[in-house]
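Worksheet: the structure to be examined is printed underneath.
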Number of protein chains: 2
Amino acid sequence: MTSSSDTVPDDHYRITYEEVHVHICNAARKIKQDFDPDVILAIAGGGLFPARVLRTFLKRPSRLDPTKLRNVPINVVSLALYEEIANSSAGALGREVLRTQWLDAKAIRGQKEGGAAEEGKGEGLLGKRILIVDEVDDSRTTLQYAYNELLKDVRKEIKSLSPQERAALPPTRFGIFVVNNKLRQKRGVLPIYPEGTSTENEPLDDAQDGDKVGKGCFYWAAETTGDVWIDYPWEQDDIIEHNRLAAVAKKLGVNQPVGVLQAAASASA
Amino acid sequence: MTSSSDTVPDDHYRITYEEVHVHICNAARKIKQDFDPDVILAIAGGGLFPARVLRTFLKRPSRLDPTKLRNVPINVVSLALYEEIANSSAGALGREVLRTQWLDAKAIRGQKEGGAAEEGKGEGLLGKRILIVDEVDDSRTTLQYAYNELLKDVRKEIKSLSPQERAALPPTRFGIFVVNNKLRQKRGVLPIYPEGTSTENEPLDDAQDGDKVGKGCFYWAAETTGDVWIDYPWEQDDIIEHNRLAAVAKKLGVNQPVGVLQAAASASA
């Protein structure tokens, strides 16, 4: 028996803050097992909330004082699809990405001033395990752009190092984390590693004279959905009504996701 | 009658995602009335969530197509207090701030390539109403640093314009928004305008040959607390337990904030 308040107005998938938080917590266990990022690169605006929550679960012992846990630094780039900017303009045919904020060479190479006290801060991206974070992998256009541009910039900066510096640099590795991956045809392409790839057996490209950069990227989605409209809590005018509708949909078993990422439990072997 | 589960383990003020969201919604009405920012500058990591939610409530009609609402762009800087970086180091005496990500001159001046389609994107900060966003105004050290550095950079870029460009530029104004302001002695200083200041009567400084920059800054805190420890939801390992404890504290009337910002209701005159 359902009352009139037990209906939902559309086929959107509504997710609450607490659900996103718990999903990120679970995904973070797996990301830490597989990758343990040194630095987070959030794509604004969507990646801001996931990056901040993810950081809570990716703390690592300080090198200076291993009894303390340190935050993984967050860098942010802002990207916009042209289609989001001016959908009425004849010139905006939808697939181009605009950088509205990007990292300069200093942020990529790292800042040397300040010395050893800057652990985890201002250290740059070279030789790091870099985790790119966004809210949703929809058409994959933005993610492809972010990954490719970052890869290009990282390679350029590695090339500018001396042969000695380059030889001393650990491999630079890329991972991508999204809250939701939509099962749909993608316009963008990412060289995602097959299942079973780890930082132990990851193929590295050192075509450019010892630059040692991952040939592809790791990839995690906290939750997988069909090709549905997703309503995130941070977009809501009325968060109380949003939560109510999310609960109704869950109770009715409608507009639900198709899968959730879980870390391998230690007892699962 | 209280059961053993109706107690809280400490004197922290616990706030839920939904409460922060609603507070930001209320504060946004006032910010829109008083300031209507052109661009948000989030201070990472704390400002990431507030900035993203605030953006939801600060949409404005598109100049290209007024029937559509456009997002206010978010730029991000990352700052860290030295005391957060290396509390064990003798050289780190706590009051210095380190830029771990900052805006380059291009981001401040704006990118001209791409043309008119880039409405609200890559437009830079000069001649804008700039809203700096962080989670908490605690010692005020970080906010003082962010405001002063930004002011310095904006002035420098305005100075680099031609006299004609400078004359055509609208005033550059600064506002600060935090989710929580703690009532405590501040180490940092901000030139906050007195109550009643608006963009109509704001004092502008044009000492530098017509640069027209606000002499001080607007300031809004969604919620005011005593000098208490605040537990934000995005920092929690266990969000469910956090919400439970927040509800218990509210029921008991303990560890609560002292004030909430409300927009002037239209009926209040």
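Numbers restart at 1 for each chain; the letters A, B, ... are given by sequence-line order, proteins then strands.
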Quick one: closest heavy-atom pair of B:Trp234 and A:Thr56, and the distance?
O-OG1, 2.6 Å
Can you find a pair of side-chain heavy atoms, one from A:Gln101 and one from B:Gln101, that are under 4.5 Å apart?
yes
Not counting sequence neighbours, which residues clear side chain to side chain contact (heavy atoms under 4.5 Å, CB included) with B:Ala105? List them please.
B:Arg109, B:Glu157
Note: B:His21 and A:Gln236 closest approach over all heavy atoms is NE2-O, 2.7 Å
By side chain to side chain contact (heavy atoms under 4.5 Å, CB included), A:Pro66 pairs with (sequence neighbours left out) none
A:Thr100 OG1 to B:Ile74 CD1 distance, which is reported to the nearest 0.5 Å:
9.5 Å
Please identify, among A:Asp104, A:Asp237, A:Ile240, A:Asp238, the residue contributing the most non-hydrogen atom pairs under 4.5 Å to chain B.
A:Asp237
Select one option (side chain, backbone, both, neither) describing which atoms of B:Leu54 are under 4.5 Å from chain A's heavy atoms.
neither
Atom CD1 in B:Ile239, atom OH in A:Tyr17: separation rounded to 0.5 Å?
11.0 Å
Residue A:Ile24 versus chain B: region with a heavy atom under 4.5 Å:
neither
